[in-house]
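In what follows, chains carry the letters A, B, and so on, assigned in the order in which the sequence lines appear, proteins first and then strands, with residues in each chain numbered from 1.
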2 protein chains.
Amino acid sequence: MGITERKEREKQEMRKNIIDAAMHMFMHEGYEDASIRKIADKIEYSPATIYLYYKDKDELLYDVQAECFSRLVEVFKERTTAADPFERLIQFGEAYMDFGLQNPQVYELMFIMKAPMKTVEACEMWKNGDDAFALLVQCMAECMEMGRVKFNDVLQGVLSVWAMSHGLISLEVCYRMKVMNLTEEQVKAALYSSLHHYLDTIKK
Amino acid sequence: MGITERKEREKQEMRKNIIDAAMHMFMHEGYEDASIRKIADKIEYSPATIYLYYKDKDELLYDVQAECFSRLVEVFKERTTAADPFERLIQFGEAYMDFGLQNPQVYELMFIMKAPMKTVEACEMWKNGDDAFALLVQCMAECMEMGRVKFNDVLQGVLSVWAMSHGLISLEVCYRMKVMNLTEEQVKAALYSSLHHYLDTIKK
DNA sequence: GGAAAATATGAACACCGTTCAGTAAGTTTG
DNA sequence: CAAACTTACTGAACGGTGTTCATATTTTCC
């Protein structure tokens with residue numbers, strides 16, 4: 001019987017509906033306006049209905065985060081195409097920084113907000129970030145195999161590159177670059193030049 | 001006449017009262033419980049009273065943030081005592097990371113939350129962070145004068161060290177280290193070892 | 001067709017930040 | 001000292017939030 005299958009499909013479509021509405025609000029109105037009530041409004045359902053598909057708001061945000069990560073993975077796959085692994089590592093850094101600076105709200109949901117992480121139990125893997133992370137690990141592993149990078153440990157290398165990129169992006173996204181008293185263009189220039197300077201110092 | 005002075009003093013004491021209560025909630029209950037209502041409860045005043053001393057919650061959080069920064073400056077002054085400027089730079093990094101990992105809620109208020117920054121107008125300096133930042137700038141400048149560091153520009157050096165430290169701390173504080181599937185001890189070890197590895201790569 | 005199950009919702013609860021009319025206390029003046 | 005004025009404070013309300021639940025509607029099954 002195809003009824004249970006159709007029901008399941010409809011359930012998934014409804015979840016997709018909810019996620020799309022939430023995603024749209026995140027990108028265009030800002031995450032502070034992405035309340036359950038407004039999301040419900042946008043898809044023309046009652047707020048209570050959302051709770052038939054999600055346990056709570058955190059779980060919904062976790063799914064929106066998943067959608068964001070699949071976009072990041074797309075961007076990575078499009079832009080990290082260099083044959084040389086270290087060149088590719090640079091492409092990773094540039095793509096990541098562009099992505100973060102161009103979609104600050106989305107970046108926050110992915111890497112800064114605590115809400116979506118509350119659904120990830122203690123000692124459990126953070127599945128959403130796994131694919132993007134794996135791509136970077138792969139690239140770093142190749143860099144190390146070919147001795148292109150000053151690291152002894154793949155995980156340490158990945159963490160370092162990620163931390164530097166994330167540090168630069170998040171200082172900007174969270175308005176902390178204000179302490180440096182620069183114009184918006186100077187800030188952007190400083191961020192990119194610091195990233196490249198870093199990548200240069202780890203090159204072997 | 002001393003009455004207006006006493007009034008002013010009382011006003012400042014009240015603000016200090018409010019900040020202390022908020023600070024205590026931030027550190028011990030978590031910032032989600034630090035609502036205006038609960039802060040008012042703790043100092044035994046009506047919520048409305050707080051609005052006689054602060055325009056809104058953001059402004060209050062900005063002052064709490066200031067208090068946090070004066071503590072960080074204290075820690076910096078206590079711990080960055082080495083004669084050699086590069087040794088001192090390492091001490092800065094260690095002190096900063098210890099501070100962040102030991103006071104995650106406070107760290108968030110200082111470097112991650114947007115709320116307290118909303119009171120800092122566009123194109124205006126972020127005064128709260130200025131002193132701590134100046135200390136690091138001073139140290140980096142000395143490192144460069146003595147040719148101890150692989151940077152051509154003081155600001156670039158400061159930004160890089162700050163971004164790396166902040167990146168490492170905030171990935172942990174925002175639960176993103178979960179993607180690496182490590183135990184809590186392994187995480188701590190990875191953070192500190194990545195920081196030291198980085199400081200080593202910029203050493204000249 | 002009617003029972004059972006799935007789906008949707010209006011109304012309510014307990015919070016939140018914030019405002020404002022009104023009250024109580026303190027200060028100044030006649 | 002008493003009246004007038006100023007300051008400090010608050011209770012109650014407004015509009016918002018996430019969430020729950022009894023009720024109503026629709027769909028499925030026998």
Side-chain angles (χ1 to χ4, degrees), chain A residues 1-19 21-22 25-26 29-65 105 108-109 113-119, chain B residues 1-19 21-22 25-26 29-65 105 108-109 113-119:
Chain A
M1 61 174 60
I3 288 177
T4 58
E5 286 157 15
R6 196 204 67 212
K7 285 269 164 107
E8 182 56 31
R9 203 172 57 238
E10 281 174 355
K11 192 145 197 159
Q12 290 308 322
E13 276 167 19
M14 182 63 154
R15 289 169 78 107
K16 180 147 196 331
N17 233 340
I18 296 170
I19 294 170
M25 300 206 119
F26 245 86
E29 265 106 299
Y31 64 92
E32 295 188 315
D33 287 330
S35 69
I36 295 283
R37 283 174 154 86
K38 287 182 188 165
I39 294 169
D41 248 31
K42 175 159 259 176
I43 59 173
E44 295 175 294
Y45 278 89
S46 150
T49 303
I50 292 184
Y51 288 86
L52 300 177
Y53 299 89
Y54 287 103
K55 186 173 113 280
D56 55 26
K57 196 185 180 183
D58 293 342
E59 204 175 272
L60 164 55
L61 289 181
Y62 186 80
D63 265 17
V64 178
Q65 194 193 54
Q105 323 254 22
E108 272 186 76
L109 179 65
M113 283 178 61
K114 281 186 167 184
M117 304 307 282
K118 285 180 187 159
T119 69
Chain B
M1 62 173 58
I3 288 178
T4 58
E5 287 158 15
R6 194 204 67 210
K7 287 267 164 105
E8 182 56 32
R9 203 172 58 238
E10 281 174 355
K11 192 145 197 158
Q12 290 308 322
E13 275 168 19
M14 183 63 153
R15 288 170 79 105
K16 180 146 197 332
N17 232 339
I18 296 171
I19 295 171
M25 299 205 119
F26 245 86
E29 266 107 298
Y31 63 91
E32 295 188 316
D33 287 330
S35 69
I36 296 282
R37 283 173 152 88
K38 286 183 189 165
I39 294 169
D41 247 31
K42 175 160 260 176
I43 59 173
E44 295 175 295
Y45 278 88
S46 149
T49 303
I50 291 184
Y51 287 86
L52 301 177
Y53 298 89
Y54 287 102
K55 185 173 114 279
D56 55 25
K57 196 186 179 183
D58 294 342
E59 204 175 272
L60 164 55
L61 289 181
Y62 186 79
D63 264 17
V64 178
Q65 195 193 54
Q105 323 254 22
E108 271 187 75
L109 179 66
M113 283 179 62
K114 282 185 165 182
M117 305 307 283
K118 285 180 186 158
T119 69

Q: Could you tell me the separation between the CG atom of B/Asn17 and the P atom of D/dA8, rounded to a whole number of Å?
A: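 Value for this atom pair: 15 Å.
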Q: Can you tell me the distance, in whole Å, between the CD1 atom of A/Ile39 and the P atom of D/dT19?
A: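 So the CD1-P distance, A/Ile39 to D/dT19, works out to 11 Å.
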Q: Applying side-chain hydrogen bond (donor to acceptor under 3.5 Å, both in side chains), can you list everything that pairs with B/Glu59, at least two apart in sequence or on another chain?
A: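 Testing B/Glu59 for side-chain hydrogen bond (donor to acceptor under 3.5 Å, both in side chains), a comparison that skips the adjacent residues, returns none.
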Q: Would you kindly give the CD-to-C1' distance between A/Glu10 and C/dA6, to the nearest whole Å?
A: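 A/Glu10 atom CD is separated from C/dA6 atom C1' by 11 Å.
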Q: My understanding is that only residues two or more places apart in sequence, or in another chain, count here; which of them pass side-chain hydrogen bond (donor to acceptor under 3.5 Å, both in side chains) with B/Glu32?
A: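 Scan of B/Glu32 (side-chain hydrogen bond (donor to acceptor under 3.5 Å, both in side chains), adjacent residues dropped) gives A/Lys118.
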Q: Distance check needed: D/dG18 C1' versus A/Glu59 CD, whole Å only.
A: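 From A/Glu59 CD to D/dG18 C1': 14 Å.
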Q: Strictly below 4.0 Å, N to O, side chains only: are B/Lys38 and B/Glu29 in salt-bridge contact?
A: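 B/Glu29 and B/Lys38: not salt-bridged.
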Q: Nearest whole Å is fine: how far is C/dT7 C1' from A/Arg15 CZ?
A: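 The distance from CZ of A/Arg15 to C1' of C/dT7 comes to 15 Å, rounded to the nearest Å.
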Q: For B/Tyr54, answer base if it contacts any base atom (sugar-phosphate contacts may also be present), sugar-phosphate if it contacts only those atoms, and nothing otherwise; contact means non-hydrogen atoms under 4.0 Å.
A: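 Here B/Tyr54 touches no strand at all.
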Q: Taking N or O atoms only and anything under 3.5 Å, show me the protein contacts with nucleotides 11-18 of chain C, one pair per line.
A:
{"from": "C/dC16", "atom 1": "OP1", "to": "B/Ser35", "atom 2": "OG", "distance (Å)": "2.9"}
{"from": "C/dG17", "atom 1": "OP1", "to": "B/Ile36", "atom 2": "N", "distance (Å)": "3.1"}
{"from": "C/dG17", "atom 1": "OP1", "to": "B/Lys57", "atom 2": "NZ", "distance (Å)": "2.9"}
{"from": "C/dG17", "atom 1": "OP2", "to": "B/Ile36", "atom 2": "N", "distance (Å)": "3.0"}
{"from": "C/dG17", "atom 1": "N7", "to": "B/Arg37", "atom 2": "NH1", "distance (Å)": "2.2"}
{"from": "C/dG17", "atom 1": "O6", "to": "B/Arg37", "atom 2": "NH1", "distance (Å)": "3.3"}
{"from": "C/dG17", "atom 1": "O6", "to": "B/Arg37", "atom 2": "NH2", "distance (Å)": "3.0"}
{"from": "C/dT18", "atom 1": "OP2", "to": "B/Tyr51", "atom 2": "OH", "distance (Å)": "2.5"}
{"from": "C/dT18", "atom 1": "OP2", "to": "B/Lys57", "atom 2": "N", "distance (Å)": "2.8"}
{"from": "C/dT18", "atom 1": "O5'", "to": "B/Tyr51", "atom 2": "OH", "distance (Å)": "3.1"}

Q: How would you list, by chain and number, every residue that makes a salt bridge (Lys or Arg N to Asp or Glu O under 4.0 Å) with B/Arg37, sequence neighbours excluded?
A: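 Salt bridge (Lys or Arg N to Asp or Glu O under 4.0 Å) check on B/Arg37 returns nothing, list empty.
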Q: In whole angstrom, give the distance that lies between atom CG of A/Leu52 and atom C1' of C/dA6.
A: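 Going from CG in A/Leu52 over to C1' in C/dA6 covers 10 Å.
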Q: Distance check needed: D/dT27 P versus A/Lys11 NZ, whole Å only.
A: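 Result: 16 Å.
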Q: Under the side-chain hydrogen bond (donor to acceptor under 3.5 Å, both in side chains) rule, collect the residues that match up with B/Gln105, sequence neighbours excluded.
A: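 Residues passing side-chain hydrogen bond (donor to acceptor under 3.5 Å, both in side chains) with B/Gln105: none at all.
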Q: Quick one: list whatever passes side-chain hydrogen bond (donor to acceptor under 3.5 Å, both in side chains) with A/Lys57, sequence neighbours left out.
A: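 side-chain hydrogen bond (donor to acceptor under 3.5 Å, both in side chains) list for A/Lys57, sorted by chain: empty.
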Q: Distance check needed: C/dT7 C1' versus A/Tyr45 OH, whole Å only.
A: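 Rounded to whole Å, this separation is 9 Å.
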Q: When you check the phosphate oxygens OP1 and OP2 of C/dT9, does a side-chain N or O of A/Thr49 lie under 4.0 Å from one of them?
A: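 Answer yes for this pair, as a side-chain N or O of A/Thr49 is under 4.0 Å from OP1 or OP2.
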